[in-house]
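Down below is the structure, laid out as structure tokens.
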There are 2 protein chains.
Amino acid sequence: MKIIGSKWKIPILWYLMLKDGQHYNELKRTIGGITNTMLTKSLRELEADGLVSRHDYATVPPSVSYHLTDMGKKFIGTMGELFDWGREHMTFEKEQN
Amino acid sequence: MKIIGSKWKIPILWYLMLKDGQHYNELKRTIGGITNTMLTKSLRELEADGLVSRHDYATVPPSVSYHLTDMGKKFIGTMGELFDWGREHMTFEKEQN
DNA sequence: CGGTATCCTTCTTGATACTG
DNA sequence: CAGTATCAAGAAGGATACCG
């Protein structure tokens, strides 16, 4: 619930699955619409739960890449069945602006 | 996301899977800890999304039973794989009171 | 029995600015 | 580049009381 109930964790895992080892700002761009606050917070929590690993190259300027752990890969793979269900059944509701 | 991100919808579907056709207060008791507000709200939304159907017997006193639709059954079945993942990987964190 | 109505708290997310 | 700090806004959930 902690993972699936939050707004950005699934997108983060999804885009790391599509391209593993993305850097902080790269990930931010590929996800789109996420703020620094949420990206950092979500990554830290995913790391604490062992779904994502953080590789800090300790250079100047900083360079940090994020990777799915085996557990993270298993998790996002498991979501696949649910995505299929969603794709079959979801209806697109009118968005109000 | 609308379904899995809310606190009570999965428990509701789960307990309806264990025993279909439960009545409002029966469901409230089997779930435990849910308020009228949330139970009603969640049921209405699940109904609107076609996962649950509501059968009103139109008697006095009122009698209403809730059932999983085929779509609801498929959904909660699909969650099974994810539950397995959770069971394998989740750790129980200390609760602070 | 099966809900509504109202108010309140808390938790999550976002906006903006700044830094080593 | 990869973040932090601070503050504000919004959404979600809960408490309590009441109703046909």
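A note on names: the letters A, B, ... follow the listed sequences, proteins ahead of strands, and every chain is numbered from 1.
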*Quick one: on DNA chain C, does Leu43(B) or Gly33(A) contact a more 5' nucleotide (nearest heavy atom)?*
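On the 5' side of the pair lies Leu43(B).
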For atom [atom1] of [X] and atom [atom2] of [N], their distance in whole Å:
X        : N       : atom1 : atom2 : value
Ile4(A)  : dT12(C) : CD1   : C1'   : 16 Å
His55(A) : dC1(D)  : NE2   : C1'   : 16 Å
Leu39(B) : dG14(D) : CG    : P     : 12 Å
Lys2(A)  : dT12(C) : NZ    : P     : 11 Å
Met1(A)  : dT12(C) : CE    : C1'   : 14 Å

*Using a cut-off of strictly less than 4.0 Å, decide whether Tyr66(B) has a side-chain nitrogen or oxygen near OP1 or OP2 of dC1(C).*
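No, Tyr66(B) has no side-chain N/O under 4.0 Å of OP1/OP2 on dC1(C).
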*If only side-chain N and O atoms of Arg44(A) are considered, is one of them under 4.0 Å from the OP1 or OP2 phosphate oxygen of dG3(D)?*
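For Arg44(A), the contact criterion (side-chain N or O under 4.0 Å from OP1 or OP2 of dG3(D)) is met.
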*asked:* Is the shortest side-chain heavy-atom distance between Ile10(A) and Met1(B) below 4.5 Å?
replied: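 SC-SC contact between Ile10(A) and Met1(B) confirmed.
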*Look at the aromatic rings of His55(A) and His67(A) and report parallel, tilted or perpendicular, splitting at 30° and 60°.*
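Answer is tilted, since the angle falls between 30° and 60°.
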*Angle class for the Tyr24(B)/Tyr66(B) ring planes (parallel below 30°, perpendicular above 60°, tilted otherwise)?*
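Ring orientation of Tyr24(B) relative to Tyr66(B): tilted.
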Main chain of [Y], side chain of [X]: is a donor-acceptor contact present, judged purely on distance under 3.5 Å?
X        : Y        : value
Ser42(B) : Leu39(B) : no
Glu81(A) : Glu81(B) : no
Ser63(B) : Tyr57(B) : no

*Base dA2(D) to side chain Thr40(A), donor-acceptor N/O within 3.5 Å cut-off*: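 In this structure, the two groups form no donor-acceptor pair.
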*Check the pair Lys2(B), Glu45(B) against salt bridge (charged side-chain N to carboxylate O under 4.0 Å, His left out), reporting the backbone distance first and the verdict last.*
CA-CA 9 Å; Lys2(B) 220 171 69 185; Glu45(B) 290 174 10; over 6 Å; no
*Nearest-nucleotide comparison on DNA chain D, the residue closer to the 5′ end among Thr37(A) and Pro62(A)*: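 Its nearest nucleotide being more 5', the pick is Pro62(A).
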_Sub-4.0 Å heavy-atom contacts from residues 13-31 of chain A onto DNA chain C, ordered by number_ =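 Per residue number, the list is empty: none.
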_Base, sugar-phosphate or nothing for Tyr57(A)? Non-hydrogen atoms, less than 4.0 Å._
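Nothing: the residue Tyr57(A), judged by heavy atoms under 4.0 Å, touches no strand.
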Report all interatomic pairs (protein N or O, nucleotide N or O of nucleotides 7-13 of chain D) with separations under 3.5 Å.
| residue | atom | partner | partner atom | Å |
| --- | --- | --- | --- | --- |
| dG13(D) | OP1 | Lys7(B) | N | 2.8 |

*Output the single nucleotide from dT16(D), dT16(C), dT4(C) whose closest atom is nearest the side chain of Asn36(B).*
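Of all the options, the side chain of Asn36(B) is nearest to dT4(C).
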*Let me see the working for Met17(A) and Leu13(A) under side chain to side chain contact (heavy atoms under 4.5 Å, CB included), right down to the final yes or no.*
CA-CA 6 Å; Met17(A) 186 186 63; Leu13(A) 295 171; over 6 Å; no
*Heavy-atom pair of closest approach, residues Asn36(A) and Lys28(A)*: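 Scanning both residues completely, I find the closest heavy atoms to be OD1-NZ, 3.0 Å.
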